[in-house]
Amino acid sequence: MGKNIDYMMELVKEYLSGKTPRHIFELDFQTEIIARYKKMVHEDRDHAEYFYDVLSDDGVDAGDGLSDEEYKRLIKRQYNKVKDIGKGDLR
């Protein structure tokens with residue numbers, strides 16, 4: 001993966017590990033995806049689009065109304081889906 005995709009994956013990983021509180025993660029994620037998305041596409045279009053669909057649209061953006069625990073489970077599930085594409089599993 002490219003450095004911008006890796007950075008975004010690390011941002012999510014830090015949240016999942018408990019290093020970043022939810023409210024900070026949500027703000028940072030939105031800021032960074034806006035700043036880095038075009039660069040991510042240049043690194044690997046398919047991976048960047050999948051990342052955006054799975055972690056942004058179906059993850060972070062879908063978290064309204066979820067408890068912190070439910071939200072973390074959602075983000076973990078979405079994060080694992082994105083990690084799986086490195087293994088060739090685009091589901």
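Sequential numbering from 1 along the given sequence is applied to the chain's residues. All heavy atoms count here, side chains included; hydrogens, waters and symmetry mates do not. Since the structure is predicted, the reported quantities are computational estimates derived from the model, not experimental observations.
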- Message: Going by ring-ring contact (aromatic ring centres under 6.0 Å, His included), name the residues that satisfy it together with Tyr52, two or more places apart in sequence or in a different chain.
- Response: Tyr37

- Shared hydrophobic cluster for Leu66 and Ile75 (ILVMFWY, side-chain gaps under 4.5 Å): yes

- Item | Inter-residue atom distance Glu43.CD - His47.NE2, 0.5 Å rounding | 10.0 Å

- Note on the structure: Output for pair (Ser56 OG, Glu49 CD), nearest 0.5 Å, gives 13.0 Å

- Measuring from Asp44:CG to Tyr50:OH, what's the distance to the nearest 0.5 Å? 13.0 Å

- Note on the structure: By side-chain hydrogen bond (donor to acceptor under 3.5 Å, both in side chains), Glu32 pairs with (sequence neighbours left out) Arg36

- Message: Holding to side-chain hydrogen bond (donor to acceptor under 3.5 Å, both in side chains), I want the full list of residues that pass it with Asp68, two or more places apart in sequence or in another chain.
- Response: Arg22

- Message: Grouping I, L, V, M, F, W and Y whenever their side-chain heavy atoms are under 4.5 Å apart, do Phe51 and Tyr7 come out in a common cluster?
- Response: yes

- Examine distances only and state if a side-chain atom of Gln78 and a backbone atom of Val54 form a donor-acceptor pair shorter than 3.5 Å. yes

- Message: Using the side-chain hydrogen bond (donor to acceptor under 3.5 Å, both in side chains) criterion, which residues pair with Asp57? Sequence neighbours excluded.
- Response: none

- Task: Return the set of residues passing side-chain contact (heavy atoms from CB on, under 4.5 Å) with Ser67 (not counting sequence neighbours), or none when no residue passes.
- Result: Glu69, Glu70

- Query: Tell me, do Val60 and Phe25 make a side-chain contact under 4.5 Å, heavy atoms counted?
  - Reply: yes

- Check whether any side-chain heavy atom of Lys39 sits under 4.5 Å from a side-chain heavy atom of Ile5, and report yes or no. no

- Task: Evaluate the side-chain proximity of Ile33 to Met40: yes if any heavy-atom separation is below 4.5 Å, no if none is.
- Result: yes

- Report yes if the side chains of Met9 and Lys13 come closer than 4.5 Å at any heavy-atom pair, otherwise no. no

- Query: Going through the distances and angles, do Tyr15 and Asp28 end up as a side chain to side chain contact (heavy atoms under 4.5 Å, CB included)?
  - Reply: CA-CA 10 Å; Tyr15 164 69; Asp28 286 351; over 6 Å; no

- Message: Apply side chain to side chain contact (heavy atoms under 4.5 Å, CB included) to residues Asp61 and Gln30 and explain how you reach the verdict.
- Response: CA-CA 9 Å; Asp61 294 347; Gln30 295 300 339; 2.9 Å; yes

- Query: Listed by chain and number, what are the side-chain contact (heavy atoms from CB on, under 4.5 Å) partners of Lys76, not counting sequence neighbours?
  - Reply: Leu16, Asn80

- dist Leu55:CG -> Leu74:CG (nearest 0.5 Å) comes out at 8.5 Å

